[in-house]
Structures are given as structure tokens and as C-alpha cells.
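See structure below.
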There are 2 protein chains.
Amino acid sequence: MSHEVEQRSLSQYLEEHNLKHTKQREAILAAFLEATGHITSEEIHSCVRADHPNIGYTTVYRTMKLLCDAGLASERRFDDGVTRYEIEQEHHDHLVCLRCGKIIEFECAMIEKTQMEIADRYQFRVLRHRHELYGHCDACAEEVAK
Amino acid sequence: MSHEVEQRSLSQYLEEHNLKHTKQREAILAAFLEATGHITSEEIHSCVRADHPNIGYTTVYRTMKLLCDAGLASERRFDDGVTRYEIEQEHHDHLVCLRCGKIIEFECAMIEKTQMEIADRYQFRVLRHRHELYGHCDACAEEVAK
DNA sequence: TTCGTATTGAAATTAACATTCAATTTCAAT
DNA sequence: ATTGAAATTGAATGTTAATTTCAATACGAA
């Protein structure tokens with residue numbers, strides 16, 4: 001396991017909030033970090049179960065919320081209606097393939113800037129945003145063309 | 001009632017698809033068109049009920065789907081998780097106030113263009129997108145500041 | 001008017017998330 | 001090491017909004 005930084009980060013958060021350090025939380029953090037990309041709590045649950053067969057879904061669910069609060073994870077919900085978690089990082093937006101489910105991240109300063117201009121125009125104070133492009137990835141576009 | 005164009009449009013769609021022209025469908029279309037903005041099927045249901053007390057929620061729900069298929073309405077789901085319907089029109093995006101629920105529409109050719117460039121970069125074929133800015137509207141920002 | 005099909009609407013089901021609560025675990029103070 | 005208050009766990013249950021079922025009813029072509 002090479003997630004020392006994150007483990008430490010979690011421990012610190014737990015201490016600061018008078019929460020307890022449990023093996024379940026460690027196991028779930030590890031499983032989450034090992035998985036790459038945008039993973040659902042169901043998926044994390046089954047990964048965790050490989051090593052820890054009696055960790056319940058509820059605990060995974062609650063721990064993922066905890067990791068979000070601790071700043072280690074962040075929650076995303078695309079149009080399929082299922083919540084996914086990704087490792088917390090710089091802000092970015094997503095391309096979502098409607099055929100294979102592939103998720104590509106992108107960022108664009110230009111768009112961010114334009115957003116602020118629009119918000120100003122309406123005297124609107126933006127707290128967060130969601131910008132998702134849905135369609136077909138390269139591979140799927142080819143398949144569909146056939 | 002001044003929704004002749006839309007009534008006609010619906011009738012045409014129904015005929016073309018061997019569907020039936022019912023008073024419920026007419027009533028629901030009328031209620032939907034009279035309401036302004038982004039309305040939920042619950043809300044449409046209670047509007048319709050004012051005049052037609054025994055139209056059920058299910059019918060409203062199904063009819064809104066139908067109106068979407070017919071190109072008269074379109075469906076939106078913001079982060080509150082409730083589906084809303086708006087009158088079908090030119091593409092646009094939204095500012096959503098997290099405090100009072102106000103929804104402001106905007107469009108921006110600049111952003112649309114930049115989107116296409118990003119998609120190209122990833123060889124991605126965009127079919128639709130979602131771009132929502134969440135925050136506080138003018139009035140709510142003031143309230144919050146107090 | 002009749003008849004086959006579509007529609008209706010109450011009720012049941014689904015899907016995903018969220019909460020409850022009794023049993024268990026943690027950890028600071030003995 | 002033991003204790004005990006407080007936090008955590010996890011199975012079961014609740015919630016919310018969307019969706020489907022199905023028996024009864026309405027539409028509209030013949």
C-alpha cells in the first residue's frame with residue numbers, strides 16, 4: 001500500500017473531528033485509491049469485499065461521504081443517475097461517452113472565464129458549476145458509423 | 001386558449017404515430033403552456049387538476065414524455081434531482097439559484113464554439129451537453145450577505 | 001354502433017440514496 | 001489491562017421520485 005499521504009490526511013481529519021479510526025475506513029480509502037477513475041459506491045463495495053468480506057454497503061456509502069468531507073474524494077453524478085467518486089483534484093469538467101461509459105476529463109480556462117462574465121451579466125454569484133459534454137468517444141463513434 | 005400552433009403540432013404528432021387525441025392530453029398541454037418557466041410534473045398535475053380534477057399524476061407524467069417526443073417540451077434535471085419541463089426552444093444553458101430556486105437561461109456562442117474545439121481535441125462526437133452554473137442570484141446574494 | 005386498440009389512473013414496483021437502531025468497536029481515562 | 005462513554009457498524013427499513021402494471025374505460029375507424 002502506497003497511500004501514506006492520504007492515510008495521514010484521513011487520520012488527521014478524523015482526529016480533528018473527534019471521529020474514530022476504524023479498519024473499515026482504512027480499507028475503503030485504500031480500495032477507493034486503488035481504483036482508477038470514476039467509481040460508484042457499489043463498485044468500491046465489491047472491491048473492498050474482496051479483502052474484507054463483511055464490510056457492508058452502508059459503511060462504504062457513509063465513508064465515501066466522509067472522504068468527500070475530508071477533501072480526499074469528490075462526488076459526481078452524470079446523466080445515468082448514479083453517483084460516482086473521483087480523487088479530489090483541480091477543477092475540471094467531463095466528456096461522457098453515452099455508449100461505453102468512458103469518462104474523459106478536461107479543463108478550459110477560456111470557458112471558466114466566460115462563465116464568470118455571464119454570471120456578472122446576471123449579477124449572479126457562482127458557487128459551483130457543472131459542464132458535461134455527452135456523446136460518443138472516438139472508438140464508439142467508429143462503431144456507430146459501421 | 002391561444003395555443004393553436006402547439007395544439008396542431010400535437011395533433012399531427014398523434015396522428016403520425018397512431019396515437020389517440022384525448023381530452024387529458026389537450027388539458028395537460030394547455031396547462032404546460034400556460035405555466036411559465038421550468039415546471040415539474042407535480043406542478044403541472046396540480047394546475048391541470050384545477051380544471052380537470054380527475055386527471056391522475058401518471059397521465060401527466062406520461063403526457064410530458066409524449067410532449068418531449070413530439071418536440072413541444074424538453075426535460076431538464078438540475079442538481080435537486082427533480083425533473084422539470086420547459087417549452088422547447090433554441091439551445092441554452094442555465095444559472096440556478098441554490099437558495100430560492102430561480103432559474104435563469106443564458107446562451108453563449110463563445111462557449112459553444114470552445115466546446116467543439118475541446119471535443120475535437122479528444123476526437124469526441126458531442127451529441128448534447130449540460131452546462132449549469134449554481135450559486136446565488138442577485139437578491140439571494142444580498143440576503144446571504146446580511 | 002361496434003370492436004380492436006390505445007389510454008387512463010390507482011396501485012404497486014423500481015432504483016438510488018438515506019436513516020434507524022441494536023450490537024459492536026474505539027480510545028481516553030482509569 | 002479494564003472500563004465506559006461516544007462513535008461506528010451493518011442489516012433492515014424508510015424515502016423520494018420515476019416508472020410499470022393492470023383492470024377499467026375511452027377513442028375512432030369501419
Side-chain angles (χ1 to χ4, degrees), chain A residues 7 10-31 38-49 51-70 73-85 101, chain B residues 7 10-32 38-70 73-85 101:
Chain A
Q7 299 271 15
L10 173 59
S11 296
Q12 188 184 337
Y13 180 86
L14 294 175
E15 276 175 37
E16 280 171 1
H17 294 259
N18 286 327
L19 301 174
K20 290 175 179 174
H21 195 147
T22 66
K23 34 184 148 292
Q24 286 93 334
R25 285 173 177 169
E26 266 200 38
I28 292 163
L29 172 58
H38 299 74
I39 194 174
T40 64
S41 26
E42 280 295 358
E43 287 163 347
I44 297 171
H45 183 217
S46 63
C47 290
V48 167
R49 284 235 164 186
D51 282 332
H52 304 79
N54 34 15
I55 289 184
Y57 170 77
T58 316
T59 301
V60 173
Y61 163 74
R62 282 185 290 216
T63 301
M64 290 316 298
K65 280 237 159 352
L66 181 72
L67 295 183
C68 289
D69 291 343
S74 63
E75 219 181 75
R76 299 275 175 183
R77 180 192 292 224
F78 301 110
D79 281 0
D80 65 354
V82 187
T83 301
R84 286 156 205 281
Y85 297 90
Chain B
Q7 301 270 15
L10 173 60
S11 297
Q12 189 184 337
Y13 181 85
L14 293 175
E15 274 174 39
E16 280 172 1
H17 294 259
N18 288 326
L19 301 174
K20 291 175 181 173
H21 195 148
T22 66
K23 35 182 147 291
Q24 287 93 333
R25 285 172 176 170
E26 268 201 35
I28 292 164
L29 172 59
F32 166 62
H38 300 75
I39 195 175
T40 65
S41 27
E42 280 295 359
E43 286 163 350
I44 297 171
H45 183 218
S46 64
C47 291
V48 167
R49 284 235 163 185
D51 281 331
H52 303 79
N54 34 16
I55 290 184
Y57 168 77
T58 316
T59 302
V60 173
Y61 162 76
R62 281 185 289 217
T63 302
M64 291 316 298
K65 279 239 157 356
L66 180 74
L67 295 183
C68 289
D69 291 343
S74 62
E75 221 181 73
R76 300 274 176 182
R77 179 191 293 227
F78 301 110
D79 281 359
D80 65 355
V82 187
T83 300
R84 286 156 204 282
Y85 297 91

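Below, chain A is the first sequence line, B the second, and so on; all start at residue 1.
Between the NE2 atom of B:His17 and the CG atom of B:Asp69 there is a distance of 8.0 Å, given to the nearest 0.5 Å.
Computed from coordinates, the B:Leu66 CG to C:dA6 P distance equals 14 Å when rounded to whole Å. Going from atom CD of A:Glu15 over to atom P of D:dA7 covers 15 Å, rounded to whole Å. In this structure, A:Glu42 places its CD atom 14 Å from P of C:dA18, rounding to the nearest Å. If you take CZ of B:Phe78 and P of D:dA17, they are 16 Å apart, rounded to a whole angstrom. Between A:Met64 atom CE and D:dT9 atom P there is a gap of 14 Å when expressed in whole angstrom units.
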Quick one: do A:Thr83 and A:Thr40 satisfy side-chain contact (heavy atoms from CB on, under 4.5 Å)? Show the steps, please. CA-CA 6 Å; A:Thr83 301; A:Thr40 64; over 6 Å; no
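With a cut-off of 3.5 Å on both Watson-Crick or G-U wobble distances, the partner of C:dA29 is given as D:dT2.
Scored by the side chain to side chain contact (heavy atoms under 4.5 Å, CB included) test, B:Arg76 finds B:Phe78, B:Glu86, B:His92, B:His94 as partners (sequence neighbours excluded). Residues satisfying the side chain to side chain contact (heavy atoms under 4.5 Å, CB included) test with A:Thr63, not counting sequence neighbours, are A:Arg25, A:Ile28, A:Thr59, A:Leu67.
B:His21 and B:Glu26 share a donor-acceptor pair across their side chains, judged by distance under 3.5 Å alone.
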Contact string for nucleotides 7-17 of chain C, one letter per nucleotide 5' to 3', B = base within protein heavy-atom range under 4.0 Å, S = sugar-phosphate only, - = neither, reads SBBBB----SS
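Counting all heavy atoms, side chain and backbone alike, B:Gly81 lies closest to B:Arg77 at O-NH1, 3.7 Å.
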